[in-house]
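A short worksheet on the structure shown next.
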Amino acid sequence: MAEVIWLTLKLAGFTTLVLLVISTPLAWWLAHGRSSLRPAVGALVALPVVLPPTVLGFYLLVAMGPDSPLIALLKPFGIRTLAFTFEGLVIGSVIYSLPFAVQPLRNAFQAVGRDPMEAASTLGASPWDSFLRVALPLALPGYAVAAILSFAHTIGEFGVVMMLGGGIPGKTQVLSVEIYRLVETLDWSAAHRLSAGLLVFAFAVMLSLLLFERRLTEVRT
Amino acid sequence: MRAPLLLLLTVWLGLALPASARAGEVRLAVAANFSDTARQIADRFEARSGHRVMISAGSSGQLFAQIHQGAPFDVFLSADDERPARAEAEGLGVKGTRFTYATGRLVLWSRTPGLVDSRGQVLVTGRFQHLAIADPASAPYGRAAMEVLTRRKLEARLKPRLVTGNSIAQTLQFVRTGSAELGFIALSQASSLEGGSRWLVPAADHNPIDQQAILLTAAKDPAASTAFLKFLRGPEARTLIRAQGYEVH
C-alpha cells in the first residue's frame with residue numbers, strides 16, 4: 001500500500017513540475033498574445049475538462065502504441081510503446097491536468113497586465129529579466145493555485161491511467177486504480193481505508209485553496 | 001383498506017392471465033465477455049416468450065459489488081463460479097438455481113503473424129516486452145492465465161513483462177492496439193479476430209473457467225427470470241454459446 005501511495009505522489013509531483021514549466025509560456029501567450037489563434041488554442045487546452053478520461057485514455061493508448069508515427073521516431077532507441085510506463089502516465093497526466101495549470105496562470109498573468117513589464121523594460125531590463133523579476137513574483141499566487149490544482153487533479157486521475165497503465169505495481173498502479181481493484185476483489189476494508197484517506201486529502205486541498213484565496217484578498221484590500 | 005384491495009387485484013390479474021401471455025421483464029447482470037452472446041440469446045428468448053430482457057454488462061467483480069448493494073438485477077451471469085457461489089451463500093442468490101452456463105477457453109493471441117506458435121513455446125523463447133493478461137485477482141480469465149504461467153514455471157521470469165487489464169475486454173484492447181505484443185484473451189473474443197497468430201491453450205493447463213448463472217433473491221419477476229434461465233440451459237442457447245467459442249457440458 002505504501003508503494004501505491006508513493007507512486008501516486010511521485011506521478012502527481014512529476015506531472016505538476018512539468019505542467020508548471022510548459023504552462024508558463026502557454027498561459028503567457030494566452031494572456032498577452034495577439035494571434036487570432038488564441039481562442040482556438042484556449043479551447044484546445046480546456047478540452048480535458050469536458051472530455052471523458054476514457055476518450056483521452058483511448059487516444060493516448062493509440063498515440064503511444066506501436067502504430068503511432070510519434071512512436072516510430074523512438075523505435076531506434078528500442079521503445080515500441082509508451083503505454084504501461086511511468087513516463088507514459090506522466091505524459092497522459094500532463095495532458096489531462098493541463099487546464100488546471102494553464103487557467104490559474106493565465107488569470108494571474110492577465111491580472112499582472114502589461115504595465116509592470118513595460119515599466120521594467122523602459123528601465124532597461126531585458127524581456128526575460130523583466131519577466132523573471134517583475135511578472136513572475138507578481139504571479140506567484142497563481143503558481144501556487146496552479147500547483148495545488150494540478151497535483152490534486154492528477155491524484156484523482158482514473159480513466160486515463162486505467163486505459164494506459166496496465167496495472168504494473170510500482171510503475172503504473174496508482175491509488176485510484178488500486179481502489180477500483182480492491183472494490184472489484186471485494187476487499188472493501190482496504191478500499192474504505194484508501195478512499196477515506198483520499199476524501200480527507202481532497203477536503204484538505206479544497207479548504208487550503210479557499211483559505212489561501214481569502215488571505216490573498218485580505219492582503220490586497 | 002386500499003392495500004388489501006390492490007393485493008387482491010394483483011392476485012386476480014396474475015391468475016387471470018396465463019404466464020406465457022404476461023409480458024415480464026428480466027434484468028440481466030452479465031459479465032462483459034458474455035454480453036454479446038447474452039444479447040443473442042436474449043433476442044431469441046424475447047421472440048419465444050414475449051418477455052423483455054434488459055442487459056447490464058460489466059466485470060463480474062463490479063456487478064457482484066453492485067448486487068451486494070441492492071442493484072436492481074434479477075439474474076446474474078458471472079464469468080466465474082466463485083461469485084455466484086458467494087451470492088448463494090450470502091442469500092443474495094436463490095439456493096439451487098446456480099449452474100454453469102458456459103466454460104471459457106483461453107487463447108494466447110498476437111496481432112503479429114507468426115509470433116505465437118501452436119504450442120505456446122513463444123512464452124519460453126519469444127522476444128517480447130509486454131504480455132497482457134486480465135487482472136488475476138478479479139478476472140477469471142486472468143487467474144487462468146496465471147495458472148498457465150505457474151504450471152510452466154514461467155511466472156517469475158515473465159512477471160516483469162506482465163501488464164494487466166482490469167477486465168478481459170481491456171486485455172483485448174492492449175493486444176489489438178499492439179501495445180502489448182501478445183496476451184491471454186478469451187476464445188470467445190479471439191474467434192471474432194482475423195489474422196495474427198494464436199495458440200488455443202489446452203483446457204487441462206488451468207482450472208476450468210466455469211461461468212455460472214444464478215437467480216437473484218431480489219428478482220422482481222421470478223417467473224420470467226426462471227423461464228430465461230431454463231432457456232439458457234436449453235439446446236438453442238447451448239448451440240449459440242458453443243458457436244461463440246465456449247464449451248458447454
Side-chain angles (χ1 to χ4, degrees), chain A residues 4 53-55 57-72 74-75 77-86 88-89 92 158-174 176-192 195, chain B residues 31-32 58-69 78-80 82-83 85-87 89-90 92 110-112 115 127-140 142-143 158-167 169-183:
Chain A
V4 173
T54 38
V55 171
F58 174 57
Y59 278 152
L60 283 169
L61 181 67
V62 175
M64 293 187 187
D67 294 338
S68 153
L70 284 170
I71 298 302
L74 296 173
K75 278 249 163 78
F77 306 101
I79 295 170
R80 56 178 300 285
T81 176
L82 280 174
F84 320 130
T85 62
F86 181 74
L89 281 197
F158 175 71
V160 174
V161 183
M162 190 65 130
M163 300 287 279
L164 210 58
I168 303 171
K171 261 161 117 189
T172 60
Q173 182 82 330
V174 299
S176 56
V177 177
E178 176 69 4
I179 291 173
Y180 181 83
R181 208 182 62 83
L182 288 170
V183 173
E184 287 246 295
T185 53
L186 303 172
D187 190 352
W188 289 5
S189 58
H192 270 307
S195 302
Chain B
S59 74
S60 303
Q62 181 199 329
L63 293 170
F64 183 73
Q66 288 171 356
I67 290 167
H68 215 273
Q69 296 303 312
S78 184
D80 64 355
E82 223 171 86
R83 287 183 179 84
R86 192 162 161 181
E90 292 184 10
L92 296 164
S110 168
R111 65 175 199 173
T112 312
L115 180 67
R127 289 157 64 103
F128 54 87
Q129 281 179 3
H130 297 297
L131 168 65
I133 63 170
D135 186 351
S138 63
R143 196 183 57 195
L158 292 180
K159 200 147 207 180
R161 292 191 248 173
L162 285 184
V163 291
T164 54
N166 73 304
S167 68
Q170 208 198 357
T171 310
L172 174 65
Q173 215 177 77
F174 287 159
V175 284
R176 273 190 90 161
T177 55
S179 298
E181 294 99 318
L182 68 173

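Below, read A as the first sequence line, B as the second, and so on, with proteins coming before strands; counting in each chain starts at 1. All values reported here derive from a predicted model rather than from experimental measurement. In what follows, every heavy atom counts, from backbone to side chain, and hydrogens, waters and symmetry copies are set aside.
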- Message: To check you understand the geometry: which heavy-atom pair defines the closest contact between A:D67 and B:R111, and what is its length?
- Response: OD1-NH2, 2.6 Å
- Note on the structure: Honestly, the part of A:M162 sitting under 4.5 Å from a heavy atom of chain B is both
- Item | Contacting moiety of B:A132, where chain A heavy atoms sit under 4.5 Å | neither
- Find the one option among A:A83, A:G167, A:P66 whose heavy-atom pairs under 4.5 Å with chain B are most numerous. A:P66
- Select one option (side chain, backbone, both, neither) describing which atoms of B:R176 are under 4.5 Å from chain A's heavy atoms. neither
- Task: Rounded to the nearest 0.5 Å, what's the gap from NE2 on B:H130 to CZ on A:R80? Could you check?
- Result: 7.0 Å
- Item | chain B contact via A:F58 - side chain, backbone, both or neither, heavy atoms under 4.5 Å | neither
- Task: Considering non-hydrogen atoms only, spot the tightest contact between B:Q173 and A:L61 and give its length.
- Result: OE1-CD2, 3.8 Å
- Query: What pairs with B:H68 under ring pair (Phe, Tyr, Trp, His ring centres under 6.0 Å), at least two apart in sequence or on another chain?
  - Reply: A:W188, B:F64
- Between atom CD of B:Q129 and atom OG1 of A:T85, what is the distance when rounded to the nearest 0.5 Å? 10.0 Å
- Query: Out of curiosity, A:R181 CZ to B:S138 OG, how far, rounded to the nearest 0.5 Å?
  - Reply: 7.5 Å
- Flag yes if more than 12 heavy atoms outside A:Y59 fall under 6.0 Å of its OH atom; otherwise flag no. no
- For A:T81 and B:S179, which heavy atoms make the closest approach, and how far apart are they? CG2-O, 3.4 Å
- B:T164 side, atom OG1; A:F84 side, atom CZ - distance, nearest 0.5 Å: 9.0 Å
- Note on the structure: Heavy-atom closest pair (B:T177 atom, A:V62 atom, distance to 0.1 Å) is CG2-CG2, 4.4 Å
- Query: Given that the side chain runs from C-beta out, which part of B:L162 has a heavy atom under 4.5 Å from chain A: side chain, backbone, both or neither?
  - Reply: backbone
- Message: Between B:N166 and chain A, with a heavy-atom cut-off of 4.5 Å, which part of the residue counts as in contact: side chain, backbone, both or neither?
- Response: both
